[in-house]
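All remarks here apply to the structure that follows.
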Protein chains: 2
Amino acid sequence: METKERLITIAGELFADLGFDAVSTRMITDKAGVKLSAIHYHFGTKENLYIECCVYAHSTGRKLTFGDVMTAEPSLLESPEGQATIIEKIVVESMHYHFEPSRPEWETKIIQREITHPTAAMRTLSEKIFKPDTKSAQDFYMIVRPEATEQEAQAWSDLMYGQMLLYKMAKQTIEMVRGENALDQEFLSTAAQTLARAMILEAGLPLPEKLIK
Amino acid sequence: METKERLITIAGELFADLGFDAVSTRMITDKAGVKLSAIHYHFGTKENLYIECCVYAHSTGRKLTFGDVMTAEPSLLESPEGQATIIEKIVVESMHYHFEPSRPEWETKIIQREITHPTAAMRTLSEKIFKPDTKSAQDFYMIVRPEATEQEAQAWSDLMYGQMLLYKMAKQTIEMVRGENALDQEFLSTAAQTLARAMILEAGLPLPEKLIK
DNA sequence: GTCTATAATAAGATAGAC
DNA sequence: GTCTATCTTATTATAGAC
C-alpha cells in the first residue's frame with residue numbers, strides 16, 4: 001500500500017480508538033513502519049492527517065438515508081404499512097452500516113468521535129452528511145404525521161442517532177457493565193428490532209408482521 | 001472556597017469540556033488562581049484529580065432510577081397505566097437531571113465523557129452507578145413483559161441512555177447542524193415526551209392522557 | 001520521497017525554602 | 001499549605017543529506 005494511504009488507515013484506527021490528543025505522530029509512524037517525517041511530508045501537520053482520515057472514512061461507506069428509500073421506492077410512502085417498512089429498513093440498514101464486522105470499525109467510529117468532539121473536520125462533515133441526513137429523516141416524519149412540529153420530527157429521528165452513538169462510543173463501558181459479548185451481532189439485531197418497533201409505534205404506524213413480538 | 005474544592009470544580013469544568021488530555025495542569029491552576037504545585041500537593045497526580053472530579057460530580061446529584069420509583073410507589077406496578085406512568089416519570093426526571101439549567105453542566109457531562117472514554121475512574125462509576133441503574137431498568141421491563149428476553153430489556157432501556165448521551169455529548173454538533181437554540185428547554189421537553197411515548201408503546205403499554213398527540 | 005538529526009516547545013512532576 | 005525554581009520527558013515540527 002502507498003505510504004500515504006497506509007498512514008491514513010493506521011492513523012484513523014488509532015484516532016478512532018484513542019482520540020486526537022492521545023495519539024502521537026510517533027505512534028502512527030512506528031506502527032506504519034515509516035519515519036516520523038513522512039507525516040509532515042504527506043500531510044504537513046498532524047491535524048491535516050486527522051482531517052484526511054475523516055474524509056477518507058466518510059468517502060468509503062454509503063449510509064442509507066430516508067431520502068434514498070423515498071426516491072427508490074416512492075410507492076411505499078402511500079400506505080401506513082409501507083411507511084413502517086421504510087423505518088424498519090432504515091434502522092436495520094443503519095445498524096449494518098455501523099456494525100458490519102467486515103467493515104473497518106474505525107471508519108464509523110472516527111465519525112462518531114467527530115460528532116462528540118468536533119474539530120476542523122466537522123464543517124465538511126456537517127454539510128456533506130449531517131444536514132442532508134437530518135433533513136430527509138425530518139421530511140419523512142412530516143409526511144407520516146403532517147400535523148407534527150419540526151421539533152417532534154427531530155426528537156423522533158434522534159432516537160436512531162442516539163442509539164448508534166451509544167453502541168459505537170460507549171462500547172467499552174457497556175462491555176464492562178454487561179459482559180464481554182454484550183454487543184455481539186445477536187444483540188445488535190435485537191436492538192435494531194427494538195428501536196424500529198419504538199420508532200414505528202411512536203409515529204403512529206402499524207407494526208410489520210416480523211416485528212410483532 | 002477551599003483550594004481543594006476550587007480545583008475540583010474548575011478542573012471538572014475543563015475536563016468535561018475538553019477531555020483529560022487536552023487540559024493541562026497549568027491551565028487548571030491558572031484559572032483557579034493557585035500555583036501549579038497545589039495540584040500535586042492535594043491530589044498527587046493529574047489523574048487522581050480527574051478521578052476526584054468524577055466522584056464529586058456523581059456524589060452531588062441524585063438520579064432517579066426505576067428501582068427508586070418501584071419501591072416508593074409499588075402500587076403503580078399493578079396496572080399497565082401505572083407502569084406507563086413510571087416510564088414517563090423516569091424519562092422526564094432523567095431529562096431534568098441531565099439538563100436542569102441550575103445544575104453545573106460539567107457534573108453530568110464529565111460522567112458521560114467517562115462513558116465514552118473510560119479511564120481509571122470508570123471502575124468506581126460502573127459499580128456504583130451503571131450496574132445498579134441498568135439492573136433496575138431491566139427488572140422493570142421484565143415485570144411489564146415477563147416473556148421478554150434479557151437482551152430485549154437492555155435494548156429497550158438503551159433507548160433512554162442513547163438519547164441522554166446524544167444530547168449531552170453531541171450538543172455542539174447538533175447546534176452547528178440545526179441552529180444555536182436547537183437544544184433549548186422547549187425542545188428538550190418535546191424530546192422527553194417523544195422518548196417516553198416511544199418507550200411506553202414499545203413496551204406494549206397504553207399512553208397516558210397527557211402524552212397523547 | 002525517505003532518511004537522520006535536531007530544534008523548539010510544552011507537558012507532568014519534584015525539591016526545598018518559607 | 002503555598003511558593004519559586006527546576007528536572008525529566010515527550011511532543012510536534014523542521015533542516016538538510018541522500
Side-chain angles (χ1 to χ4, degrees), chain A residues 1-57 106 110 113-114 117-124, chain B residues 1-57 106 109-110 113-114 116-124:
Chain A
M1 205 188 308
E2 298 278 332
T3 297
K4 188 166 181 179
E5 201 183 335
R6 262 184 80 72
L7 282 172
I8 289 179
T9 53
I10 286 173
E13 212 166 325
L14 289 167
F15 284 143
D17 276 345
L18 307 172
F20 183 82
D21 291 311
V23 176
S24 74
T25 48
R26 273 169 237 275
M27 214 185 285
I28 298 165
T29 51
D30 283 356
K31 199 169 175 185
V34 300
K35 294 301 167 182
L36 177 60
S37 48
I39 285 183
H40 299 94
Y41 175 77
H42 286 286
F43 306 97
T45 66
K46 180 187 175 186
E47 181 166 315
N48 282 344
L49 168 56
Y50 179 82
I51 293 177
E52 291 223 32
C53 288
C54 292
V55 171
Y56 174 89
W106 76 265
I110 198 171
R113 183 176 283 273
E114 191 58 27
H117 308 86
T119 68
M122 193 60 221
R123 257 199 39 215
T124 308
Chain B
M1 207 190 304
E2 297 278 331
T3 297
K4 189 167 180 178
E5 200 183 334
R6 260 184 82 72
L7 281 172
I8 288 178
T9 54
I10 285 173
E13 211 165 328
L14 288 167
F15 284 142
D17 276 344
L18 307 173
F20 183 81
D21 291 312
V23 175
S24 73
T25 48
R26 285 173 172 84
M27 211 186 285
I28 298 165
T29 50
D30 284 355
K31 198 168 175 186
V34 299
K35 294 300 167 182
L36 177 61
S37 49
I39 285 183
H40 299 96
Y41 176 76
H42 286 287
F43 305 96
T45 66
K46 179 187 174 186
E47 182 166 314
N48 282 345
L49 168 56
Y50 178 82
I51 294 176
E52 291 225 31
C53 288
C54 292
V55 171
Y56 175 89
W106 75 265
K109 194 168 180 181
I110 199 171
R113 182 177 283 274
E114 192 57 26
T116 53
H117 308 85
T119 69
M122 192 62 223
R123 260 200 35 217
T124 308

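In what follows, chains carry the letters A, B, and so on, assigned in the order in which the sequence lines appear, proteins first and then strands, with residues in each chain numbered from 1.
- When all heavy atoms of B/Asp17 and B/Lys109 are compared, the pair lying nearest together is OD1-NZ, 3.4 Å.
- Annotation: cation-pi pair B/Lys4/B/Tyr41 absent, no NZ/CZ under 6.0 Å from the ring centroid and within 45° of its normal.
- At whole-Å resolution of the value, CZ in A/Arg6 and P in C/dT2 are 11 Å apart.
- Remark: C1' of C/dG1 and NE2 of A/His42 are 7 Å apart, rounded to the nearest angstrom.
- Remark: side-chain polar atoms of A/Glu114 are paired, donor with acceptor, to backbone N or O of A/Met122 under 3.5 angstrom.
- Within the 4.5 Å cutoff, the side chain of B/Tyr56 has heavy atoms near those of the B/Thr9 side chain.
- In this structure, CG of A/Asn48 is placed 11 Å from P of D/dT14, rounded to the nearest angstrom.
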Atom pairs, N/O to N/O, protein against nucleotides 12-15 of chain C, distance under 3.5 Å?
{"residue": "C/dG12", "atom": "OP1", "partner": "B/Lys46", "partner atom": "NZ", "Å": "2.8"}
{"residue": "C/dG12", "atom": "OP2", "partner": "B/Thr25", "partner atom": "N", "Å": "2.8"}
{"residue": "C/dG12", "atom": "OP2", "partner": "B/Thr25", "partner atom": "OG1", "Å": "2.6"}
{"residue": "C/dG12", "atom": "N7", "partner": "B/Arg26", "partner atom": "NH1", "Å": "3.0"}
{"residue": "C/dG12", "atom": "O6", "partner": "B/Arg26", "partner atom": "NH2", "Å": "3.1"}
{"residue": "C/dA13", "atom": "OP2", "partner": "B/His40", "partner atom": "NE2", "Å": "3.3"}
{"residue": "C/dA13", "atom": "OP2", "partner": "B/Lys46", "partner atom": "N", "Å": "3.1"}

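- Summarising the geometry, the separation between CG on A/Leu18 and P on D/dT11 is reported as 13 Å, rounded to the nearest angstrom.
- For the pair B/Ile28 CD1 and C/dA10 P, the computed distance is 17 Å after rounding to whole Å.
- As a whole-Å value, the separation of B/Tyr41 OH from D/dT4 P is 17 Å.
- For C/dG1, neither phosphate oxygen OP1 nor OP2 lies less than 4.0 angstrom from any side-chain nitrogen or oxygen of A/Thr3.
- At a threshold of 4.5 Å between non-hydrogen side-chain atoms, the residues B/His42 and B/Glu52 do not count as touching.
- Rounded to whole angstrom, the span from the OH atom of A/Tyr50 across to the P atom of D/dT11 amounts to 19 Å.
- Atom-to-atom, NZ of A/Lys35 to P of C/dT4 comes out at 4 Å; the value is rounded to the nearest Å.
- Put simply, the side chain of B/Arg113 never gets that close to the backbone of B/Trp106: no donor and acceptor are under 3.5 Å apart.
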